[in-house]
Enquirer: 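Mind looking over this structure? Questions follow.
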2 protein chains.
Amino acid sequence: MGKLTRDAVIEQALRIGDDEGLQAVTIRRLAQDLGVTPMALYWHFKNKEQLTVGMGDHLVRGFATEEDATGPWNERLRRLVGGLVDVLRRHACAASVLEEVDQMEVPSFLRVWDTALGLINQAGFTYEESCLIARYLLKGAIALAGGEARDRHGRSDLEAAEARRVKRLGLQSLPRDSYPHIVEMAAPLVDGCSAEVYDTFGVDLLIGGVEVMAARRTASSA
Amino acid sequence: MGKLTRDAVIEQALRIGDDEGLQAVTIRRLAQDLGVTPMALYWHFKNKEQLTVGMGDHLVRGFATEEDATGPWNERLRRLVGGLVDVLRRHACAASVLEEVDQMEVPSFLRVWDTALGLINQAGFTYEESCLIARYLLKGAIALAGGEARDRHGRSDLEAAEARRVKRLGLQSLPRDSYPHIVEMAAPLVDGCSAEVYDTFGVDLLIGGVEVMAARRTASSA
DNA sequence: ACCTGAACACCGTTCAAGT
DNA sequence: ACCTGAACACCGTTCAAGT
């Protein structure tokens, strides 16, 4: 019965998003859950986009503040990307949120960008290259971590498992001579990888690319 | 005055999407442009999602068929990803389309996935790793190439340039001690990179990561 | 086979008004 | 400062009906 606060709205929005997907987060639905009129939300947020920005900021805020400024640039970069991946897996809707918003509008994500840009630039890349690499790392982490839980439109765990089963069967029944590898790997394709593979292999993949390019740079400039 | 065909709908949808952004592609808007009733589209497409799938298929179809099965796996993979990046830059809305749809529903993109999985697996990775890497490459290419032309809501080139100017000023007026690198690199951040940097550096970054992981694998298994 | 008309259940948002 | 009521201009989609 307390009054409506900005944070209460955001937390309820994240709850809906995690449980039923971001597309279920609606001004009207949100108002209903909070026992309030849709227009009440417009006092706290200019429009729906700013609500989504608020969701993103809430997600990233906790992790963005902790900075450990020790070690070489690639280790620090690995920790940064690893932390982002962690956030993305704690909330099912995190990836969708950060894909939808303009990341530069999210204050806490701006901190992540700044840290990344600094570390990459310190590795010897030009400004233009650093921007490209930062986008590669941050968007890449989101793309990697966000792939699976994307389009679970409000179904329960049991329904989701059934949906995966149907999807796997769909892939397995493709023509074997046209899509041999998809048929072969249908199971890991729809089930995704284990958490550890993501954390270690996925992050290594991202950082590895940057390390290679950094090594080539110093090799050619030497 | 010819009759409404599936391809005509898709081509008009792509035209709208390229000019005004994917969010402007609407059943009703499309019907209006085609001089037809909104419900007419439901004869050719089950629902809007299938329309988007059709758009994606149309985009990827041309490039997916050309396969050059010569050279080692990493060169072939580089050509594949490079070709995808090409498609993404020919149509402004391509990245948004391929981000929105379930890629496995798009027949021609299924071919790209199959080719990628085969090449990666051939490089010595397990099935689980191959799936992760394929997603890394395909989603990564889309994320890299799609970043800039995302939220141009129907504005002309001139308006877009003005919007970029405003955005750059916004970044430059951030507190310098909190966001030193963002302030410093504001210009390349909002303007993006030149086309060549994308094609060479961007693709090298993606492929480089895979090559490194492949090298580590053979090193540890030797 | 291919398209229309009317209707339904949703959206986000504005604006004046209430307390 | 904080919220409501009524209204506007949109969506996607269904279903029966027309040719």
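Each chain gets a letter, A, B and so on, in the order the sequences are listed, and its residues count up from 1.
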Enquirer: Quick check: on DNA chain C, is the nucleotide nearest B/R28 upstream (toward 5') of the one nearest B/T5, or the reverse? Name the residue that is more 5'.
Expert: B/T5
Enquirer: Under 3.5 Å, is there a donor-acceptor pair between the side chain of A/D57 and the main chain of A/V106?
Expert: no
Enquirer: Identify which nucleotide among C/dG12, D/dA1, D/dT13 has an atom closest to any side-chain atom of A/K48, counting heavy atoms from C-beta outward.
Expert: C/dG12
Enquirer: Find which nucleotide of DNA chain D each of A/A40 and B/R29 is nearest to by heavy atoms, and output the residue with the more 5' nucleotide.
Expert: A/A40
Enquirer: Which nucleotide, in any strand shown, forms a Watson-Crick or G-U wobble pair with D/dA16, with both distances under 3.5 Å?
Expert: C/dT4
Enquirer: Over how many whole Å does the gap from A/I27 atom CD1 to D/dC3 atom P extend?
Expert: 14 Å
Enquirer: Take the protein atom CH2 of B/W43 and the nucleotide atom C1' of D/dC15, then report the distance between them rounded to whole Å.
Expert: 14 Å
Enquirer: Please state how far atom CD1 in A/I16 lies from atom P in C/dC11, giving the value in whole angstrom units.
Expert: 11 Å
Enquirer: So with a 6.0 Å cut-off around CD of B/Q32, is the heavy-atom count from everything else above 12?
Expert: no
Enquirer: Counting only side-chain N and O atoms of A/K3, is one of them less than 4.0 Å from OP1 or OP2 of D/dC2?
Expert: yes
Enquirer: Test side chain to side chain contact (heavy atoms under 4.5 Å, CB included) on B/L171 and B/L174 and set out the steps.
Expert: CA-CA 5 Å; B/L171 292 181; B/L174 285 169; 4.0 Å; yes
Enquirer: In whole angstrom, give the distance that lies between atom CE of A/M39 and atom C1' of D/dA1.
Expert: 17 Å
Enquirer: Under 3.5 Å for both donor-acceptor distances, Watson-Crick or wobble: does D/dA9 have a partner, and if so which one?
Expert: none
Enquirer: Starting at atom CG of A/L4, determine the distance to atom P of C/dT19, rounded to an integer number of angstrom.
Expert: 20 Å
Enquirer: Could you check how far OH of B/Y42 sits from P of C/dA1, rounded to whole Å?
Expert: 21 Å
Enquirer: Counting only side-chain nitrogens and oxygens, does B/T26 get under 4.0 Å of the OP1 or OP2 atom of D/dC10?
Expert: no
Enquirer: Determine yes or no for a side-chain-to-main-chain donor-acceptor pair under 3.5 angstrom, with B/T37 supplying the side chain and B/A40 the backbone.
Expert: no
Enquirer: May I have the distance from A/F45 (atom CZ) to D/dC3 (atom P), rounded to whole angstrom?
Expert: 12 Å
Enquirer: For B/S130 and B/L117, indicate whether the former's side chain and the latter's backbone hold a donor-acceptor pair under 3.5 Å.
Expert: no
Enquirer: Distance check needed: D/dG12 P versus B/Q32 CD, whole Å only.
Expert: 13 Å
Enquirer: Looking only at side-chain N and O atoms, does B/H44 come under 4.0 Å of OP1 or OP2 in C/dA1?
Expert: no
